[in-house]
Amino acid sequence: MKFGIITFPGSNCDWDCYHVVTNVLKQKAQFIWHKEAKLPKVDVVVIPGGFSYGDYLRTGAVARFSPVMQEVIRFAGSGGKVIGICNGFQVLTESGLLPGVLMRNTGLKFVCENTPLQVVNNHSQFSKKFDLKQNVMILIAHGEGNYFADNETLKRLEGEGQVVFRYLKNPNGSLNDIAGIINDRGNILGMMPHPERCMESILSNEAREDGKKVFESLL
Amino acid sequence: MNPEIIKQHGLTEKEYQNILDIMGREPTMVELGVFSVMWSEHCSYKSSKIYLKGLPTKGKQVVCGPGENAGVVDIGDGLVVVFKMESHNHPSMIEPFQGAATGVGGILRDVFTMGARPIALLNSLRFGAANHPKTNHLINGVVAGIAGYGNCMGIPTVGGEVYFEDCYNGNILVNAMCVGVARKEKIFYAKAGGIGNPVIYVGSKTGRDGIHGATMASDVFEEGSEEKRPTVQVGDPFTEKLVLEACLELMNGKDVVGIQDMGAAGLTCSSLELAGKGHVGIEMDLSKVPLRETAMTPYEIMLSESQERMFFVAKKGTEKKILKLFEKWDLDAAVVGKVIKGQNVFVYHEGQLVGTLPTMPITECAPMYKRPVKKPDYLEKLNDVNVGAQFIAPENKAGRDESRPYGNILKKLLSSPNIASKKWVYRQYDHMVGTNTAVIPGSDAAVMRLKEPHTGGRKTKKGLALTSDCNSRYCYLDPKRGAMIAVAEAARNIVCSGGKPLATTDCLNFGSPENPGVMWQFREALKGMGEACKALNTPIVSGNVSFYNESPDGAIYPTPTIGMVGVLDDVSKHVTQWFKNVGDVVVLLGDDLKKVKDELGGSEYLKVIHQKVAGMPPKIDLKKEKVLQNTCLEAIKKGLIQSAHDCSEGGLAVALAESCFTGPKSLGVAVDVGVGPRAYPDKGDHGGSPLQAISLLFSETQSRILVSVKEKDVEKLLRLAKQKKCPSVILGQVIENDFVFSDLISVPVEQLKDCWENGLERAIS
């Protein structure tokens, strides 16, 4: 399987995603520069974490206008699989590929820590390797991960089973403890926690690899 | 030249006379400005140079010592580590967010200027008393500033220290350290060369920010210092990220001859350094410099400290290719001059020659002072205090009291913001980006693995252990001994993580060098630092001096912050400080506790419980330290060690408690080292006195490491220690839930953990 990893000038998890795809999952990966107006042939597009264009205005607000995002929107429209992690999730909501918006954390501070999540939908392409209601530990690192959507949208998300991950200890004020959602068609995942950082037991004290299953579900 | 203008430039009459001699005429305003910043304390090290010369800077591992942008150390497998620590104290006091942010930006540039990819940041932060009215604002701003810059750059902030002490009320310290990795043959220096080669500017446009920042950093804080806010620069981490990636991409090729970032004193310093080190001249046209504001004068352009700018010499003929590379990254870049024969930097502006700067006299003939030195009066008074007799002995009269609340003392110490968890701080830092952080903040040292692309494609099993350390209270009471301890403790932290200490960077924060007492502290601290670095074979490869850390309340404690890098042969074999399994045996290395030392001078116990900073800091014997570190490292290499933790602030009791609850899962400990008559039968009445108990629990006796081992390995460890002549003693065992220390303390670990986890936030809010 081939993963295309979008690199905005301020992306900083692009190499981390490349590393886990190639060295942990042993799959193929290719970087896609933000100025590209045509996507190469890939099976999954990953929009990694970082600060796309600095994000001084509103996270992801500039990225949606980049040449490459027009292509990603087209790719997703034709059913292509897209994962947006952290800043990638923010870009996806700004681009209209996922509903809702990610606001400033209620604590007004950047938060980086291992966070317990619950898998609340294990039927999606991105979560089928998890057990339903499985508790997992995945690291978050963001200042603007506070998920917000209007009531109607929330109802629809919940009703259609589009919420995939929920925080067990809400770190940012997200409505309904939402940590990750899919679109109605089920081919786009956006999540604030970083699965790519939790796939190797040598990292971050805790020797867990809970993030692996997000990627493995796709294989 | 008007004497008032000369004074405004921070130059003495004698220094001005010197300028007249060098130039053979009156300097232009541009030239005067250049002399002013280049001869400021911050840039010229005029008061410190004579002492810095005596520091140990050499060793087999050293590729490049002090004098370049950062130090370079060989770690094998074709890789080098490039690192440095630098202060941003004055700007952070005036404008905490931007001051700290640009401190991070500056130290990052120092490392990638040398061709290394930054892989980790550390910070040593010192604030005033936790309850001082300014502290909350300052710590919030500084931490957010560091986070804002490092997180956006995608460089993890993995370690450091945070201390609170009254002496920093009016002058906080923000010391930032950056560690990078490069291929050994791909190191770049700030050296121009090749007559006719183009000189290229890249990065943010030049604005009016930060003019005379270096001169500000060479002054003490007075009433109205807030008015200097415009001299603090504003950081733009996104642009720095672009500059970083573009420069590393450029340096991966063969087109760069020499490169220098624009930090303090901006274009002035970088052009003079490049030319000076290359023994060539540079001719540059300021009209070609990308500007942010209109009508900037040559004086302003030369002295601006706008951030995120680089200056380099490239091979002739590569200009187009290079400018195209920068275009890919949407960066402003321009050829602004060329390398010429001779030893002058000629500065042109709109066709006019506005300054002729002779490189050698400005850089090499900068003033050097041997300032008067005098041992300060406060020392005798404080050192003479017999801490045990004066503060604790009165309690002896009551005899041994079974109900003495030692557990409460322990709780108070764990709640002290100096000891309590720093999670409130480091959870604001992205400490995992880059996915190399094997041990996150909160253990003795951070441990980083080294994977591609951070190694430039080279494969290695090695890892790095990183730490920063300084107990400035010790340095206040005895600068020499305090500095020695700072070095020894940094090395000990690295050893506890399984690393071999390799080399040191320092950030020397002191008061005004014009005060003989401060200069005495400086001289003594450097003596101690030098001796310890020599004894532990951790040469000093880079560093920074920050003087004038004073407010109307007086000078800060002498604070020679030590940053240290160690190497692990196999990063998967790293060790952490917390207990792992119930039943493991807890052993103290470095001390057999046969004679408990009353070493409570300068301790956290004395400060928290008795509100005193007095006595002598604990003794340190560098030979014993070396034996201890060798023993521990060998035991780790043999796979005997489950956990290792340095005994530092708060003594043995605090170290034990921290080993219980700093890991993913809390455990307990049962220590049984008899105290009182049982353990010290020959001491008569004295045995088991409060002084004895408090010394055992809270003395900050040096050269001790607390380890836990599997039961089957105890004998092996004790044998190894004996063979190495390292004292050791079995303290007890890892248990569930409770913290039990002989018959002195018995409390649930959860209670201790609560104090420790919430202490910092409770103290500052």
Side-chain angles (χ1 to χ4, degrees), chain A residues 7-20 22-24 31 33-35 48-57 59 62 86-87 105 107-115 137-143 171 193-208 211, chain B residues 117 140 143-144 146-148 150-158 236-242 244-246 328-331 423-443 447-449 451-454 463 571-574 576-578 662-665:
Chain A
T7 303
F8 294 110
S11 295
N12 59 32
C13 304
D14 45 342
W15 275 100
D16 302 355
C17 290
Y18 186 92
H19 167 72
V20 292
T22 56
N23 293 328
V24 180
F31 290 116
W33 186 239
H34 65 114
K35 290 180 185 172
F51 290 73
S52 51
Y53 292 93
D55 286 351
Y56 294 128
L57 173 61
T59 52
V62 179
C86 199
N87 189 225
N105 295 349
L108 302 181
K109 286 184 164 52
F110 191 97
V111 181
C112 176
E113 65 188 349
N114 268 324
T115 303
M137 196 66 122
I138 299 188
L139 188 114
I140 57 163
H142 59 249
H194 284 272
E196 83 282 11
R197 296 185 183 186
C198 303
M199 293 173 62
E200 299 166 278
S201 60
I202 189 175
L203 298 178
S204 95
N205 304 1
E206 291 210 36
R208 296 175 67 129
Chain B
R117 178 168 282 277
N140 270 290
V143 171
I146 290 168
N151 297 356
C152 181
M153 288 289 292
I155 316 295
T157 301
V158 301
D236 174 3
F238 176 61
T239 300
E240 177 117 324
K241 163 86 173 152
L242 304 182
L244 161 78
E245 296 297 344
K328 172 187 158 193
W329 289 98
D330 298 317
L331 284 167
K423 191 168 182 185
W424 181 88
V425 174
Y426 68 73
R427 81 199 283 262
Q428 299 184 52
Y429 303 148
D430 191 338
H431 47 260
M432 276 301 295
V433 61
T435 57
N436 288 322
T437 319
V439 178
I440 67 165
S443 199
V447 176
M448 307 298 293
R449 75 163 167 191
K451 70 162 162 42
E452 303 163 68
H454 306 99
V571 69
S572 69
K573 302 264 162 64
H574 67 258
T576 46
Q577 71 182 28
W578 47 87
T662 47
K665 183 175 179 285

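Each chain gets a letter, A, B and so on, in the order its sequence line appears, and its residues count up from 1.
If you tally non-hydrogen atom pairs under 4.5 Å between each of B/L242, B/I440, B/T435, B/T239 and chain A, the highest count goes to B/T435. Between chain B and the residues A/G50, A/C198, A/G54, A/G107, the most heavy-atom pairs under 4.5 angstrom are made by A/G54. With respect to chain A, the highest number of heavy-atom pairs below 4.5 Å among B/P664, B/G434, B/S572 belongs to B/G434. Interface check for chain A: of the options B/M448, B/E245, B/H454, B/K451, the most heavy-atom pairs under 4.5 Å are formed by B/K451. With chain A as the partner, the residue from B/V571, B/N151, B/D330 showing the most heavy-atom pairs under 4.5 Å is B/N151.
Under the 3.5 Å distance criterion, the side-chain polar atoms of A/N114 are left unmatched by any main-chain donor or acceptor of A/M137.
Taken from CD in A/E196 to SG in A/C86, the straight-line distance is 8.5 Å, to the nearest 0.5 Å. Rounding to the nearest 0.5 Å places NE2 of A/H19 at 13.0 Å from CZ of A/R197. The OG1 atom of B/T662 lies 12.0 Å from the NZ atom of B/K423; values are rounded to the nearest 0.5 Å.
In this structure, the portion of B/R449 lying under 4.5 Å from any heavy atom of chain A is its side chain and not its backbone. Both the backbone and the side chain of A/Y53 come within contact range of chain B, each with at least one heavy atom under 4.5 Å from a heavy atom of that chain. With a threshold of 4.5 angstrom between heavy atoms, A/T22 does not approach chain B through any atom at all. Within the 4.5 angstrom heavy-atom criterion, atoms from both the backbone and the side chain of B/K328 approach chain A. Proximity to chain A (any heavy atom under 4.5 Å) is shown, for B/V447, by neither the backbone nor the side chain.
Remark: B/N140 engages A/K109, B/N136 in a side chain to side chain donor-acceptor pair (under 3.5 Å) (not counting sequence neighbours). Residues meeting the side chain to side chain donor-acceptor pair (under 3.5 Å) test with B/W329, sequence neighbours left out: B/E249.
The aromatic rings of B/H431 and B/Y426 lie perpendicular to each other, with more than 60° between the two planes, well past the 30° mark.
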